[in-house]
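FYI, side chains are in, hydrogens and waters are out, and symmetry mates aren't considered; it's all heavy atoms of this structure.
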Amino acid sequence: MPFDGFTMRCLALELEKSILNGRIEKVYQPRQDTLIFHINTGSSREKLLISANPSNPRIHLTAESDSSAQHPPMFCMLLRKRLNGGTILSIRQHGMDRVLELAVKTTDQLGEPGLMRIVCEVMGRQSNIILLEQDGRITDSIKRVTGEMSSYRHIFPGIQYKSPPSQSKLDISRAGAADLERAFLQHLGTKAAKAVSSTLEGMGSTLSRELCTRCGIDPDLPLEEASVEALCTAALDLAALLKKEDFSPVIYYSGGKVHDFSPILLTHISLPYERQHSINAMLDSFFRQKTGTEAVSRERDYLLGVVNSFLEKSRKKLVGRLQDLKDAEDKSHFRLYGELVTANLYRLKEKSSIAAVEDYTRPGSPVIEIKLDPTLTPLQNANRFFDEYNRAKRAAKNLEKLIHENREEVEYLEGLIFTIENCETLQDLGEIRQELEKGGYIKPLKAAAKEKRPTPAGPLAYMSRDGFTILVGRNNNQNDYLTLKLARKDDLWLHAKDIPGSHVLVRSGGKEIPDTTLYQAALLAAFHSKARQSSNVPVDYTPAKYVSKPSGAKPGYVIYKNQKTIFVTPAREEMERIKQIKDSGTTAPR
């Protein structure tokens, strides 16, 4: 299940007992979007992990190693400066939302007491970790959000913090029977599970279905008035369980791998499970298994470090080039100066330092003054202006090309980060390493090490409900292979719109592809993208014959036309209905 508000409440109650009044001794940043706080509670030493990873956002106590970069990022350094030695005074959830706030009593360099707040927003792609001053102003955040990224709120140093938009739902821990009944009656005719999630704040799809199952209601059938009383009773029972902190944290397994987690035992899921002794232990174990073994984690962290380093350099280079382009464009007036001086050569005297001339390009031809070099003749000054303009024009043209290449590299590296973060085996990471070697980002392994490399895996393969094969690339090399070599012109190609993710290919076999297969392929494209935890994800699709790769483009980069867009929500229940095939029937690209 996703990390919903109910799980956050259970976690907050546990954290209050374990780290409240604890002292922050050190802050590490082992990955770009992950922090680990060392906390001394007096009776024990704990490590609190907070991650704004778009695929696995979370907060919990952890046993994970916390090796940080040799040169910690600026945000990590800021947290160390402002929070080291601070005491955690309170742990507060914003309603039943997926937002947790830690208030920390601090002391500045002059010994003056203060209060800082750490706001943890666990919200898929919008996840963030924000440091606030006592008055609510943002000190900084692990991800800055500008006006171009969000019209609702900005996350930027110096501005007042604004909470995520309220959903105007009921808090199950405070709502009474009458409140619940009124709210549920407003959703009659809606699917029962949807009615629950639309009524109760922090109730994800899994717990909404569980609540329906516990009172004998089919979660997929419309809610009827006769079922409202039973639903209210089940909700009040869940609220009582929350009040008593009577949790039963479990991890569910499917095919030998972690499948789901829940703070309570789920009656509507028939899968093997392991009970956990705490909510923190459940979350830590689940996400540690999900992200792989320690060997996988080490390789992933290394590759992420390499890519993040190049990404930071590329972004800085892009900012510098954009400024250079602006400076070059600001010199366009030199052409006008040259023309005006040339038009007035007969009036200008030798060794003049200023030329007072009429600007015939503006209404009324006002007189303007142009500074001249008195050591040059008026004609030489005019030529100097033309030379300056032409140099700026050539520079701007060259910069536009470099900026385009720079933006492509930033997009490519951001996509690589998403791919690396979602690799679960050394086999998958080995293919990424080879791609980085070919791109010149890391040195090739020695011959002996190359021999130990695992055989590359083929693309993921699924069978649609209509019997069509759907292939999904695991990385850029496989994406290129699927799209440019394997695809036939009448196959259907899909990709999450303007979002890093996998190429998806539906093998048509010369047949018309039904809407059901299109929908399932779009779900796979959304799920295997950076937007996998979002709703209404836009997915572009077009016949494979309209997809091509520009000459010299980075791996995985293509352009396409004649596309249409479908919006889907890659919920876990939907994904489970798509049958995965063990053998894709394709040879992995090398």
Side-chain angles (χ1 to χ4, degrees), residues 1-7 95-98 123-124 165-172 175 177-239 241 252 254 259-271 464-466 514-524 526-527 531-539 566-579:
M1 63 182 287
F3 200 126
D4 60 15
F6 187 88
T7 303
M96 283 290 286
D97 207 351
R98 295 168 293 170
M123 297 181 167
S166 172
Q167 297 180 331
S168 302
K169 299 180 183 180
L170 290 180
D171 183 337
I172 193 174
D179 299 323
L180 291 167
E181 183 178 2
R182 279 194 300 272
F184 283 133
L185 286 173
Q186 294 178 10
H187 295 281
L188 294 179
T190 304
K191 284 185 178 182
K194 179 67 174 176
V196 173
S197 62
S198 299
T199 300
L200 301 178
E201 184 181 23
M203 197 67 63
S205 59
T206 303
L207 279 181
S208 296
R209 297 180 72 84
E210 176 64 17
L211 204 63
C212 294
T213 303
R214 289 191 175 201
C215 59
I217 301 174
D218 189 327
D220 294 318
L221 291 181
L223 179 63
E224 299 177 351
E225 187 173 356
S227 302
V228 169
E229 183 179 352
L231 200 55
C232 291
T233 301
L236 291 172
D237 289 343
L238 195 60
L241 182 149
Y252 289 92
S254 177
H259 171 78
D260 213 340
F261 65 85
S262 173
I264 61 173
L265 197 60
L266 303 174
T267 59
H268 74 283
I269 292 182
S270 300
L271 287 174
S464 78
R465 192 181 304 171
D466 306 299
D515 289 343
T516 308
T517 294
L518 168 62
Y519 176 69
Q520 290 189 312
L523 283 173
L524 288 168
F527 182 77
R532 66 167 51 183
Q533 291 194 347
S534 301
S535 57
N536 292 322
V537 181
V539 176
I566 182 174
F567 292 82
V568 296
T569 299
R572 183 177 294 278
E573 294 79 8
E574 294 280 3
M575 302 309 301
E576 288 174 350
R577 295 191 181 103
I578 307 175
K579 181 181 179 182

- Task: Could you walk me through whether Ile217 and Glu224 pass side chain to side chain contact (heavy atoms under 4.5 Å, CB included), step by step?
- Result: CA-CA 9 Å; Ile217 301 174; Glu224 299 177 351; over 6 Å; no
- Message: Quick one: does any side-chain atom of Gln520 pair with a main-chain N or O of Arg465 as donor and acceptor, under 3.5 Å?
- Response: yes
- Flag the pair Arg214 and Glu210 as a salt bridge only when some basic side-chain nitrogen lies within less than 4.0 angstrom of an acidic carboxylate oxygen. yes
- Task: State, with a plain yes or no, whether a side-chain heavy atom of Ile264 is found less than 4.5 Å away from one of Leu207.
- Result: yes
- Task: Could you please spell out the steps behind the side chain to side chain contact (heavy atoms under 4.5 Å, CB included) verdict for Thr569 and Val537?
- Result: CA-CA 6 Å; Thr569 299; Val537 181; over 6 Å; no
- Query: Distance from Thr190 atom OG1 to Phe184 atom CZ, nearest 0.5 Å?
  - Reply: 11.5 Å
- Query: Stepwise, does the side chain to side chain contact (heavy atoms under 4.5 Å, CB included) test hold for Phe3 with Gln533?
  - Reply: CA-CA 10 Å; Phe3 200 126; Gln533 291 194 347; over 6 Å; no
- Nearest-0.5 Å distance, CG of residue Asp515 to CD1 of residue Ile566: 8.0 Å
- Item | Atom pair OG1 (Thr206) and CG (Asp4), whose distance is rounded to the nearest 0.5 Å | 7.5 Å
- Is the NZ atom of Lys169 crowded by more than 12 outside heavy atoms at less than 6.0 Å? yes
- Query: For His259, does its backbone N or O pair with a side-chain atom of Arg572 as donor and acceptor, under 3.5 Å?
  - Reply: yes
- Query: Does any N or O in the side chain of Ser198 come within less than 3.5 Å of the main-chain N or O of Ala195, such that one atom is a donor and the other an acceptor?
  - Reply: no
- Task: Report, as yes or no, whether the 6.0 Å neighbourhood of atom CD on Glu573 holds more than 12 heavy atoms from other residues, nucleotides or ligands.
- Result: yes
- Message: To check you understand the geometry: which heavy-atom pair defines the closest contact between Ala175 and Leu236, and what is its length?
- Response: O-CD2, 3.9 Å
- Message: Using every non-hydrogen atom in the two residues, find where Pro570 and Ser534 come nearest and quote the distance to one decimal.
- Response: CD-O, 3.4 Å
- Message: Tell me the closest heavy-atom pair linking Phe527 and Arg532, and the distance in Å.
- Response: O-NE, 2.9 Å
- Counting only heavy atoms not in Glu229, do more than 12 sit closer than 6.0 Å to its CD atom? no
- Message: Please give me the minimum heavy-atom distance between Leu185 and Leu188, naming the atom from each residue.
- Response: O-CG, 3.3 Å
- Find the distance between CG (Leu180) and CG (Leu200) and round it off to the nearest 0.5 Å. 6.5 Å
- Message: Just verifying a value: how many Å separate Phe6 CZ and Leu238 CG, rounded to the nearest 0.5 Å?
- Response: 4.0 Å
- Query: Between CG of Asp237 and CD1 of Ile172, what distance do you get to the nearest 0.5 Å?
  - Reply: 9.5 Å
- Kindly give the heavy-atom pair with the smallest separation between Leu211 and Val196, and that separation in Å. CD2-CG1, 3.7 Å
- Carefully, step by step, assess Glu181 and Leu231 under the rule side chain to side chain contact (heavy atoms under 4.5 Å, CB included). CA-CA 9 Å; Glu181 183 178 2; Leu231 200 55; over 6 Å; no
- Task: Write down the atom of Ala192, the atom of Asp218, and the distance for their closest heavy-atom approach.
- Result: CB-O, 3.7 Å
- Query: Side chain of Ser464, backbone of Asp466: donor and acceptor closer than 3.5 Å?
  - Reply: yes
